[in-house]
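Report on one structure; see the data block that follows.
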Number of protein chains: 2
Amino acid sequence: MRKDIHSDGIPVLCESCEVRHRGLCGVLEPDQLVALAKTSTKHKISEGAELIGDAERIENYSNVLSGVVKLSKVMADGRQQIVGLQFAPDFLGRPFRAESDINVEAATEVSLCSFPRSAVERLMKEQPELEHRLLQQTLKELDEARDWMLTLGRKTAVEKVASFLLMIARNSHPNGQAGRQSLSFDLPLKRADIADFLGLTIETVSRQLTKLRAEGVISIENNRHVTIGNLARLEACAGA
Amino acid sequence: MRKDIHSDGIPVLCESCEVRHRGLCGVLEPDQLVALAKTSTKHKISEGAELIGDAERIENYSNVLSGVVKLSKVMADGRQQIVGLQFAPDFLGRPFRAESDINVEAATEVSLCSFPRSAVERLMKEQPELEHRLLQQTLKELDEARDWMLTLGRKTAVEKVASFLLMIARNSHPNGQAGRQSLSFDLPLKRADIADFLGLTIETVSRQLTKLRAEGVISIENNRHVTIGNLARLEACAGA
DNA sequence: CGATAGTTTGACACAGCTCAATAGGCGTGG
DNA sequence: CCACGCCTATTGAGCTGTGTCAAACTATCG
């Protein structure tokens, strides 16, 4: 029924796309994909670059192809809280609202595929399945946000750090936790970002990491590369 | 174009419904409304009653007609965090998922209009506008959750309490803040719930309330009835 | 009027913050 | 290749805001 999607009519731009099947585009018919591809562009964004500032107009929607994007809120006096992390193949952009009330920034080098607002909104009308997929992603983000509220409001510093490591680990190894062995991955965030994500200070994050390391639950090389020796123990530390 | 909605074909049950125009039902055609009303029931739930437990099956979707519903998460050792409050005319229930991972409980006496899952999901297929409305509500909840993440992660105890009061005030007086005068309303939550919402203890909530009272920013009668003397000052306390 | 649940207040402890100093990683330029 | 500077991370010492525990107070209701 859908095997035609693999044959003719797929735009060149999309043919090699890493996220085409998992992302929003996956629900589009070949001709719709062609229409969208005409107006879409891929680009690389370097670490630290701001994609959308607070209260700026959103002109584009994007798919994250690789890298990590952080969504954050800032108070007048500079206190900052990261309220979401987007990985491939997440969708970026707040539908049905001209202004964003959050800051969007590349946490690592990021590559994106962007479309103008109007093109996406037009497609949404003619293809309800697109809106359905969008609803699914939004519900997923809502679930994540609520999980994180529990972490922010009720967990201790160690539990927060352990929860963060687990979240990153799960994202780095999407294939179920079949691998009982030691997991390892690179942290996509620097300490300051981790602190802003967990509602802690840099120093506290650092102390909890060394504590976990001292207890042999994890090991760290080069400040960024983490190996989880015993997954179950880390989960226990996270208060799961 | 839509004035027929006020005339014939509206089910008796819905005719007097307080939230029909604002809630999800607002997008339904008369005949769809009739179909839905056949399977829907209104009920009152008393304060403290649990609507859906963690990991229970969701058999029904509901509209909140009045009262306040709290959504919460609980850790194994009993620590609890409220992750959302639902007021009329919010929709209750997690679409596209058989299990809920949060607890749903009446914070006050609540009246609901409930429909079986299947009826709503059937309607969703034939009326894309319904799914659109659902997406809007989900996006709103996501925005609220993220606002709250900033509060949980980065605000001090006074700021948290002040932010909470403002949120309740805005919900009690949906008509814009035209009223510069002193606002007053009843707190729908007891101190323990406020604490669970703010990631604080009961004692700290109480202390911050008396502090705000001592500073003349608010006044409280009967533990539940709050009057905001100076809205701008309360907003300043909230770190807005 | 007593019983119960909810709230406030107080005294003290401790987790996490602040400030400050040290150490490591890495690119640039001599 | 080393020296230097910059950025990031770690470690330490002391402080403070919030939690803990306990007691007193208040509202509500039978």
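Both backbone and side-chain heavy atoms feed into the values below; hydrogens, waters and symmetry mates do not. Numbered from 1 within each chain, the chains take letters A, B, ... in sequence-line order.
Nucleotide dT18(D) holds its P atom 12 Å from the CG atom of Leu198(B), rounded to whole Å. Atom-to-atom, CD of Glu203(A) to P of dA13(D) comes out at 15 Å; the value is rounded to the nearest Å. Across the protein-nucleic acid pair, Lys190(A) atom NZ and dG24(C) atom P stand 21 Å apart, rounded to whole Å. Residue Arg207(B) contributes atom CZ, which lies 9 Å from atom C1' of dT8(C) at whole-angstrom precision. Remark: P of dT8(C) and CG of Leu212(B) are 12 Å apart, rounded to the nearest angstrom. Rounded to an integer number of Å, the gap from Glu47(A) CD to dT8(D) P is 8 Å. Spacing between atom CZ of Arg154(B) and atom P of dG16(C) amounts to 13 Å, rounded to whole angstrom units. The CZ atom of Arg191(A) sits 13 Å away from the C1' atom of dG25(C) (whole-angstrom rounding).
Between Thr201(A) and the phosphate of dG16(C), there is no side-chain N or O to OP1/OP2 separation shorter than 4.0 Å.
Note on Arg94(B) versus Asp101(B): no salt bridge recorded, every NZ/NE/NH1/NH2 to OD/OE distance being 4.0 Å or above.
Checked against His43(B) for a side-chain hydrogen bond (donor to acceptor under 3.5 Å, both in side chains), the options Ser62(B), Ser114(B), Ser111(B) give a single hit: Ser114(B).
Counting only heavy atoms from C-beta on, Ser206(A) has its side chain closest to dA9(D) among dT7(C), dA9(D), dT18(D).
Counting heavy-atom neighbours within 6.0 Å of Lys211(A) NZ, excluding the residue itself, gives a total of 12 or less.
Between the side chain of Arg213(B) and the base of dT9(C) there is no donor-acceptor pair of N/O atoms closer than 3.5 Å. Applying the 3.5 Å distance criterion, the base of dG6(C) shares no donor-acceptor pair with the side chain of Arg224(B).
Residue Gln208(B) is the one, among Gln208(B) and Asn223(B), whose nearest nucleotide of DNA chain D lies closer to the 5' end (criterion: closest heavy atom).
Gly48(B) comes within contact range of no nucleotide atom at all, as no heavy-atom separation falls under 4.0 Å. Within the 4.0 angstrom heavy-atom criterion, no nucleotide atom of any strand lies near Leu209(A). Looking at heavy-atom distances under 4.0 Å, Thr210(A) makes contact with sugar-phosphate atoms alone, never a base.
Here the shortest heavy-atom pairing between Thr201(B) and Thr204(B) reads OG1-OG1, 3.0 Å.
Under the 4.5 Å side-chain criterion, counting only non-hydrogen atoms from C-beta, Glu215(A) is in contact with Arg233(A).
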